[in-house]
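Data first, discussion second: the structure below is written as C-alpha cells.
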Amino acid sequence: MTVRVRFAPSPTGYLHIGGARTALFNWMFARKHGGKFILRIEDTDQKRYVEGAVEAIKDGLTWLGIDWDEGPDKGGSFGPYVQTMRSSLYLTWANRLLDMGHAYKCFCSAEELDEMRKEQTEKKLPLGYDRRCRILTEEEIKKRENETDGFVIRFKMPMDGTTVVKDMIRGEIPYENKQINDAVLLKSDGLPTYHLANVIDDHFMEITHIMRADEWINTAPLHIHLYQAFGWDMPDYAHLPLVMNPSGKGKLSKRSQGFDDSGTEVLVRVDEFEKAGMLPEAVVNFLANVGWNFGEDQEKFTMEEAIPKFNLEDINPAPSQLPYSKLDWLNSKYIQEMSDADLAKALKPYLDAEGLEVTDEALLAIVPAMKVRLKRLTDGEEMLQFLSKDEVFAPEAEKLAHKKIADPLNAIMKARDLIAGLAEFSVETLSAGLSALGEKVTDNEKAGPFLGLMRYAVTGQPVSPPLYESAFALGKESTLERLDRCIELLK
RNA sequence: GCCCCCAUCGUCUAGGGGACUAGGACGUAGCCCUUUCAAGGCUAAGACCGGGGUUCGAAUCCCCGUGGGGGUACCA
C-alpha cells in the first residue's frame, strides 16, 4: 500500500505558519515513504471564503519548497480537489446514512439552539446539542418538513460505550461516546461540514495517514464512527501539537501579528516571513525543528537530510511557541552560505522595495563584505544607503574627530591624495596604501582608529561594511568626492 | 461547567529505570579577536511543576494535585 497523505486547508485568506508546519510534516512523511502528498481545498464554509486565498496557499507552499503530487491545479485521478466541486458526493452519502439509520434530520433553528445553549450555561449543564430531533416520530418529521424552511442532517452517535482513538503520537485515547455530540454532517445550505467531507474525501482519495492539528483530536471519535457507519477502513491518525503564541497564551493566530509585549516580532503568515527577509530554506529548517528534531544535536540541515530521519513517533506531543530568535540565527547562517551572486540577486527586490538605487556592479562588489552582517535580506538596505543617493551622505564634523588621531583633517587629506594617486583602484591597493598610511597618522602607530575614521568619512554611516570594500563599491570618483566634502567640513 | 491533550534551562529541544555532576541550540552576560557593526573563538549563568507511590535505583513507570493548551458551532 502506498502512503497517501494530504494537507487540507480552508481558503480563508493566507497560509498560516502553523498550517505550513502541518503541511511540511505531511510532505516529509510522504517523501520519506515514497508516497503521495495531496493538496485539497476545504471550502465548504462559503461565509469564510476569501477571494485569492487558494492562490495564497499555493504560493506559500511553493515558496517553502513543498510540492504536491495531486491538487486543484495539478489534477490527479482522485479529483476534483476542491470540496465545493464534490458537493453531490457528500449529499449522496449523507442520504445513505439517513437511509441506514445512522443519521437524522434536525429542524432546530439557530435561535432555538442559542436558547438551548443559554439554558445549558445557566444550569451549568454540559454544553452541546440535546438530540431533541433524534427522537422525532415519522409523523412529526413529515410535519416539520412542511412547516420548517430547511433542516440539517445530524449523525446518530452511540449513546453508550467507548471509542478508542489510536494516535500515532499519543497512543490510545478512550472517549465515552455519550460525550460526543450528534454533529451536523450536512448543513441547511446542502454543503457538508468538515466532519462529513473529510471522511468521505479521505476515503475516496485513499488517504492512508491523517496528520492534522491537535485541535481535531476530540472529533476523532466521531470520525471513527462515521467510517464504521459507512463500512470503510480507517486511516491512521497522528495529531500534531499546536503552535502557540510567543507569549504562550493561546494558539498562534493572525491577531498575534506585529510585535508582542516583549518587543519580539511575531510573524504569522508565510508571506510575512518572506517580506521580513527570510529564506525559505531557513524557514523550513526552523519549522522542522519545532515539535520534531533532527537529532545528533544538529540544528541546521536540509530537507534532503531530514526526510530519511523523519518519524511520526518522534514528534513531541507538547504544544510549542515559535523560537523566532532562532530563525534569525538560522537565516543568517543560510545567507552566509549563499554565493555572492545569488545573494546580490536575492537582495535586489528588498532594496528596490525601499527605493534604494544601487547598481548591480556596486552591489556585487559590496556583497562579500556585508554578507556576514546580514540576519535578514531586509537588513541590507540600511547598510547600503551610503551606496545610493549622495544626498544621504551627511557626515558630522564631531564624528570625524578621533582622540588617537591628532590631526584628522590632515589624515583625511593625505588619504585623499593617496587614493587619487592610486594607479589601480581595488580592495587590495586600498588596503595596502591606507593601512600603511594609518600607522603613520595614529598616536600609537596602529591603523585601526584611522581606518574607522575613514570608514565614516567615506560612508557617512556609523554602521556599514568595512572601509576598503565600501570605498571600492562606491568607486574612485565618489570616494574622492566624499573625502573632499569631509575636508571642507573640517576646514 | 463537562471532555480531551500536554508538562526538562527564558525559548526550541536531547533524554524512553542505572551511561545524568541532566546534553545541544537560540537568546542573555563576560572575555578574546578586530577597521565601526557583525561574524568567529572561549567562558558563565540557566531546567527535570508539586506530592505520593512502584523499584535496590526514577527526569524517565503509576496515581493525585497544580499549571498550560485544545474542544464543547449549520467554522474548519
Side-chain angles (χ1 to χ4, degrees), chain A residues 8-10 12 42-45 47-48 106 108-110 113-114 117 120-121 123-129 150-154 165 167 169-170 173-176 178-181 183-189 191-195 197-198 212-221 239 241-242 244 246 248-251 262 264 286 289-300 316-330 332 336 370-375 379 383 434-435 438 446-456 459 461-468 470:
Chain A
S10 297
T12 54
E42 308 219 328
D43 59 345
T44 55
D45 185 0
K47 291 187 286 291
R48 296 206 308 160
C106 167
C108 296
S109 65
L113 293 172
D114 282 346
R117 266 188 289 271
Q120 287 168 341
T121 312
K123 293 185 179 169
K124 299 202 168 176
L125 291 164
L127 260 37
Y129 184 60
F151 60 87
V152 301
I153 295 179
R154 286 186 186 268
V165 176
D167 184 88
I169 296 170
R170 285 158 227 277
I173 307 160
Y175 283 87
E176 284 189 63
K178 65 179 177 208
Q179 294 287 345
I180 315 294
N181 271 235
V184 172
L185 301 178
L186 203 77
K187 299 182 272 189
S188 54
D189 63 3
L191 285 172
T193 58
Y194 169 84
H195 305 111
N198 101 71
R212 65 197 348 177
D214 191 34
E215 54 197 335
W216 291 111
I217 201 159
N218 292 321
T219 55
H239 289 90
L242 254 25
M244 308 217 296
K249 297 274 176 219
K251 49 181 177 176
S262 65
T264 50
F286 165 72
N289 250 334
V290 178
W292 182 77
N293 87 93
F294 188 81
E296 298 169 34
D297 288 339
Q298 189 181 329
E299 299 285 331
K300 185 171 169 294
N316 181 349
S320 47
Q321 305 164 37
L322 292 179
Y324 286 100
S325 65
K326 212 167 183 172
L327 173 60
D328 270 326
W329 170 78
L330 260 178
S332 75
Q336 287 172 49
M370 67 184 295
K371 192 188 275 185
V372 79
R373 278 150 244 267
L374 298 177
K375 274 193 163 62
D379 292 341
M383 211 165 284
L434 289 173
S435 63
K446 291 212 166 157
F450 167 72
L451 297 171
L453 170 68
M454 282 296 293
R455 192 191 52 74
Y456 181 73
T459 66
Q461 291 177 198
V463 176
S464 81
L467 169 62
Y468 312 134
S470 296

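Convention: sequence-line order gives letters A, B, ...; per-chain numbering from 1. Computed from a predicted model, the values in this text were never measured in an experiment.
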[X], nearest nucleotide to its side chain (from [options]):
X	options	answer
Asn218(A)	A7(B), U36(B), C3(B)	C3(B)
Val372(A)	C6(B), A38(B), A14(B)	A38(B)
Lys47(A)	A76(B), C5(B), C75(B)	C75(B)
Arg373(A)	C75(B), G69(B), C37(B)	C37(B)
Pro323(A)	G69(B), U72(B), U11(B)	U11(B)
Ser325(A)	U13(B), G27(B), C74(B)	G27(B)
Leu242(A)	A14(B), U36(B), G69(B)	G69(B)
Arg48(A)	C6(B), A14(B), C75(B)	C75(B)
Lys326(A)	C12(B), G68(B), G1(B)	C12(B)

Taking any heavy-atom pair under 4.0 Å as a contact, classify [X]: base, sugar-phosphate, or nothing.
X	result
Thr121(A)	nothing
Lys124(A)	sugar-phosphate
Lys251(A)	sugar-phosphate
Lys300(A)	nothing
Gly150(A)	nothing
Val184(A)	sugar-phosphate
Met454(A)	nothing
Pro241(A)	nothing
Arg170(A)	sugar-phosphate
Ser188(A)	base

Just how far, in rounded Å, is [atom2] of [N] from [atom1] of [X]?
X	N	atom1	atom2	value
Leu374(A)	A38(B)	CG	P	13 Å
Asp328(A)	U28(B)	CG	C1'	15 Å
Trp216(A)	G70(B)	CH2	P	15 Å
Leu185(A)	C75(B)	CG	C1'	15 Å
Tyr129(A)	U72(B)	OH	P	17 Å
Ile217(A)	C3(B)	CD1	P	16 Å

RNA chain B: Gln321(A) or Leu125(A), which has the more 5' nearest nucleotide?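 Comparing both residues, the 5'-ward one is Leu125(A).
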Polar pair under 3.5 Å, donor/acceptor by atom type, side chain Gln298(A), base G24(B):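 Between G24(B) and Gln298(A), which were checked side chain against base, a qualifying N/O pair under 3.5 Å is absent.
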Could you pull out the closest heavy-atom pair between Phe286(A) and Pro323(A), with the gap in Å?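 Distance-wise, the nearest heavy atoms are CE1-O, 3.2 Å.
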